[in-house]
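Since this is a predicted model, take the numbers as computed values, not measurements.
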Amino acid sequence: MSFAAEVKAELCRPALNKKCCAQAEAYGVLLFCNQFGDQVRIVTENDSLAARLPALFKKAFRVDFDRLPEPEATGKRVFGITDPAKLGVIRDAFGIDTKNMLAHHINFAVLEESCCRLAFLRGAFLAGGSVTDPEKGYHLELATSHFNVSREAHALMQECGFAPKQVTRKANYIAYFKQSEAIEDFLTGVGAPISAMEIMNAKVEKTLRGSVNRRVNCDAANLDKAVEAAQSQLEAIRQLEQTGLLDTLPDKLKETARLRVAHPEDTLAQLADRCDPPVTKSAMNHRLRKLVELGRGEG
């Protein structure tokens, strides 16, 4: 199951207790579905929404769908209402006057309560929404073919504390979020807090992975530098040995050369501890640099 399907499944789990919220949710579905005019046509591939729609419209309007998908149907499932009497009941619930209305608008009078506003947005997302898997990115959008509805839904979301951006894509008007925090807030508000938590967890995991990768890359770079430095030191010591200069060096430098040859993979700290008596990393680094300079004839 995709992340978007999981989100819609969570949104469909709560019981339909309040008629006002059921009507608001159905209102969101109708204004963001495939067709709402001389008929209602809702097409969905989501199992949870397909199971919820009949109960939702029964609770909201006391009407049944005239067209239902087959019980065992998979893929796209179509729900339809064509009966004029049923359509009249739905229009009356939202004060829709087909004779004088040129385009759909949101009737804010039926969304006065905050619970109803969030229920409307829940229905809008169920019918016309999508969300990206947080493992891949952050994007949530609601799409409708009604320009006025999109503009008014944007205002409604702002009143609810959300701040989506808007864009037009072909014949659809889109309200969308690109920030993970905004998506978390929206999903929590409309009734999907578990999904919001999944986004938070995915974000934390990404941050940790990024931190670990940066640390690994840094450690690898430091290791490369250490290996390169050790190779230069060993080469310098070989040069000093071949020219007979190594035996003429002070005892501290001869001890350092002996330890580096015996322990080519040791760090500065490890070599410093092996000295008798032990010295500081700074002192060991100074001695090794002196050996490199002498091996190159710079001393």
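Counting only residues at least two apart or on different chains, the side chain to side chain donor-acceptor pair (under 3.5 Å) pairs with a member in residues 173-184 are H139-K178, S180-K203, E181-K203, E184-K203. For residues 15-37, the set of pairs meeting the salt bridge (charged side-chain N to carboxylate O under 4.0 Å, His left out) definition, not counting sequence neighbours, comprises E25-R52, E25-R122.
Listed by chain and number, the residues in a side-chain contact (heavy atoms from CB on, under 4.5 Å) with S2 are A4, A5 (sequence neighbours excluded). Shown here are the side chain to side chain donor-acceptor pair (under 3.5 Å) partners of S195, two or more places apart in sequence or in another chain: E10. The ring pair (Phe, Tyr, Trp, His ring centres under 6.0 Å) test applied to H104 returns F36, H146, not counting sequence neighbours. Residues satisfying the side-chain contact (heavy atoms from CB on, under 4.5 Å) criterion with A60, sequence neighbours excluded, are A22, Q23, A26. Residues satisfying the salt bridge (Lys or Arg N to Asp or Glu O under 4.0 Å) criterion with E141, sequence neighbours excluded, are R169. Every residue meeting the side-chain contact (heavy atoms from CB on, under 4.5 Å) condition with K86, not counting sequence neighbours, appears here in chain and number order: V63, D64, D66, I81, D83. When the salt bridge (Lys or Arg N to Asp or Glu O under 4.0 Å) test is applied to K165, no partner is found at least two apart in sequence or on another chain. D185 is linked by a salt bridge (Lys or Arg N to Asp or Glu O under 4.0 Å) to nothing, counting only residues two or more places apart in sequence or in another chain. When the side chain to side chain donor-acceptor pair (under 3.5 Å) test is applied to R214, no partner is found at least two apart in sequence or on another chain.
With values rounded to the nearest 0.5 angstrom, F32 atom CZ is found 5.0 Å from T144 atom OG1.
Salt-bridge formation is detected for the pair K254/D251: a Lys NZ or Arg NE/NH1/NH2 atom is positioned less than 4.0 Å from an Asp or Glu carboxylate oxygen. A salt bridge is defined here as a Lys NZ or Arg NE, NH1 or NH2 lying under 4.0 Å from an Asp or Glu carboxylate O, and E70 with R77 fails to meet this definition. In summary, R238 and E241 do not engage in a salt bridge, as defined by a charged side-chain N under 4.0 Å from a carboxylate O.
Within 6.0 Å of atom CZ in R289, 12 or fewer heavy atoms from other residues, nucleotides or ligands are found, so the atom counts as exposed in its surroundings. The number of heavy atoms from other shown groups lying within 6.0 Å of CE (M200) is above 12.
For the residue pair H263 and Q270, no side-chain donor N or O sits within less than 3.5 Å of a side-chain acceptor on the partner.
Annotation: side chain of F57 is not in contact with side chain of R62 (no heavy-atom distance under 4.5 Å). Counting only heavy atoms from C-beta outward, the side chains of F61 and L56 never approach each other to under 4.5 Å. Between R287 and V279 the shortest side-chain heavy-atom distance falls below 4.5 Å.
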Give every donor-acceptor pair under 3.5 Å between a side-chain atom in residues 110-117 and any protein atom, sequence neighbours left out.
residue: R117; atom: NE; partner: L111; partner atom: O; Å: 2.8
residue: R117; atom: NH1; partner: E159; partner atom: OE1; Å: 2.7

> Run the side-chain contact (heavy atoms from CB on, under 4.5 Å) check on L121 and M157 step by step: do they pass?
Replying inline: CA-CA 8 Å; L121 294 175; M157 283 189 274; 3.6 Å; yes
> Where do L30 and F94 land on the side-chain contact (heavy atoms from CB on, under 4.5 Å) test, with the steps shown first?
Replying inline: CA-CA 11 Å; L30 289 165; F94 304 122; 3.9 Å; yes
>> Checking F79 against V43 for the side-chain contact (heavy atoms from CB on, under 4.5 Å) test, could you report, in this order, the C-alpha distance in whole Å, the side-chain angles of both residues, the deciding distance, and whether it holds?
In response: CA-CA 6 Å; F79 295 79; V43 181; over 6 Å; no
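Minimum interatomic distance between L234 and P264 (heavy atoms only, all atoms of both residues): CD1-CB, 3.9 Å.
A donor-acceptor contact shorter than 3.5 Å links the side chain of S232 to the backbone of E228.
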